Amino acid sequence: LPSYKFFSVFALLVWISFVALCADAQDFRLGVIDTQRVIEGYKKAKEADAELKALEERLKNRLKGLEDEIVVSEERLTKQELFLDDDAVRAARQDIRIKQEEYRQRLENGQQALIEKQKELLEPIIEEVKVLIEEIGKNENYSLILDQRLTVGAYSIPVALYVSPKYDLTERIIKTLNAKYGQPKKK
């Protein structure tokens, strides 16, 4: 997998070089952004992130009570096991297993709900960023706008190790998004 990533990055850089050489130097405009930084700097995305963190905290708090119940039951069984008959021990262990299964199920459902909420909140933001980048590219005659990172799954690989500030559009995009976000929507 790492060699595939390297090949992909290398092929992209070769293609960019080819396009740059083939294009008339005066007509070729290059822009580079760091979408991760754009998302992190956008007020709307920060609010979405805060909402997700609050939901995650609420899930943890709800599960804490059940987790404490399981721990207390296990401790009680450990202390009393020698004094209980086999049926009582089996019943106590079964009760613990049921609580553990309930905990696992609630955790799974909660995590799935968080993933869905994250998708619900972030997809429109990512689309908004994409539309703004395309708008800037078209309106200002950019030949190519690249992202500084290549993201494959959970991995983020820098594509550009250095970008001259004259090509970096990241701060401009963040400022534009935040300015639009503060304005009332037109109907």
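Since the structure is predicted, the reported quantities are computational estimates derived from the model, not experimental observations.
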| query | Where do L169 and E140 land on the side chain to side chain contact (heavy atoms under 4.5 Å, CB included) test, with the steps shown first? | reply | CA-CA 12 Å; L169 304 173; E140 298 180 22; 5.9 Å; no

| query | With no hydrogens and no angle check, do the side chains of D34 and T170 hold a donor and an acceptor under 3.5 Å apart? | reply | no

| query | How many angstroms lie between CD1 in I39 and CD1 in I174, if you round to the nearest 0.5 Å? | reply | 9.0 Å

| message | Under the criterion salt bridge (charged side-chain N to carboxylate O under 4.0 Å, His left out), I'd like the reasoning laid out for E101 against R104: C-alpha separation, chi angles, the key distance, then a yes or no. | response | CA-CA 5 Å; E101 180 58 30; R104 188 194 60 74; 2.3 Å; yes

Anything under 3.5 Å between a donor and an acceptor, one on a side chain of residues 82-92, the other on a protein residue two or more places apart or in another chain? List them.
residue: D85; atom: OD1; partner: D87; partner atom: N; Å: 3.2
residue: D85; atom: OD1; partner: A88; partner atom: N; Å: 2.8
residue: D87; atom: OD1; partner: R90; partner atom: NH2; Å: 2.6

Contacts under 3.5 angstrom, residues 114-121 side chains, donor-acceptor by atom type, not counting sequence neighbours:
residue: E116; atom: OE2; partner: Q112; partner atom: NE2; Å: 3.4
residue: K117; atom: NZ; partner: E120; partner atom: OE2; Å: 3.2

| field | Ionic contact status for K175 with E171, cut-off 4.0 Å | value | no

| said: So K99 and E69, do their side chains get closer than 4.5 Å, heavy atoms only? | reply: yes

| remark: Taken in chain and number order and not counting sequence neighbours, the residues that satisfy side-chain contact (heavy atoms from CB on, under 4.5 Å) with K64 are E67, D68

In residues 47-56, what donor-acceptor pairs under 3.5 Å come from side-chain atoms, sequence neighbours left out?
residue: E47; atom: OE1; partner: Y181; partner atom: OH; Å: 2.3
residue: D49; atom: OD2; partner: K53; partner atom: NZ; Å: 3.3

| said: Quick check for you: to the nearest 0.5 Å, what is the distance between D168 atom CG and L146 atom CG? | reply: 11.5 Å

| Just wondering, more than 12 heavy atoms not from Y142 lying within 6.0 Å of its OH? | yes

| task | Step through the shown structure and confirm whether more than 12 heavy atoms of other residues, nucleotides or ligands are within 6.0 Å of CZ on R97. | result | yes

| By side-chain contact (heavy atoms from CB on, under 4.5 Å) - contacts of Q111 (at least two apart) | L107

| Student check: side-chain heavy atoms of Q36 and Q148 closer than 4.5 Å | no

| How many angstroms lie between CZ in R29 and CD1 in I145, if you round to the nearest 0.5 Å? | 8.5 Å

| note | Closest heavy-atom pair, L59 versus R106, reported as atoms and distance to 0.1 Å, is CD1-O, 4.2 Å

Less than 3.5 Å apart, which donor and acceptor atoms pair up between the side chains of residues 123-135 and the rest of the protein, not counting sequence neighbours?
residue: E128; atom: OE1; partner: Y42; partner atom: OH; Å: 3.1
residue: E128; atom: OE1; partner: K44; partner atom: NZ; Å: 3.2
residue: E128; atom: OE2; partner: Y42; partner atom: OH; Å: 2.7

| How many angstroms lie between atom CG of L66 and atom CD of E102, to the nearest 0.5 angstrom? | 5.0 Å

| Distance from I136 atom CD1 to T176 atom OG1, nearest 0.5 Å? | 5.0 Å

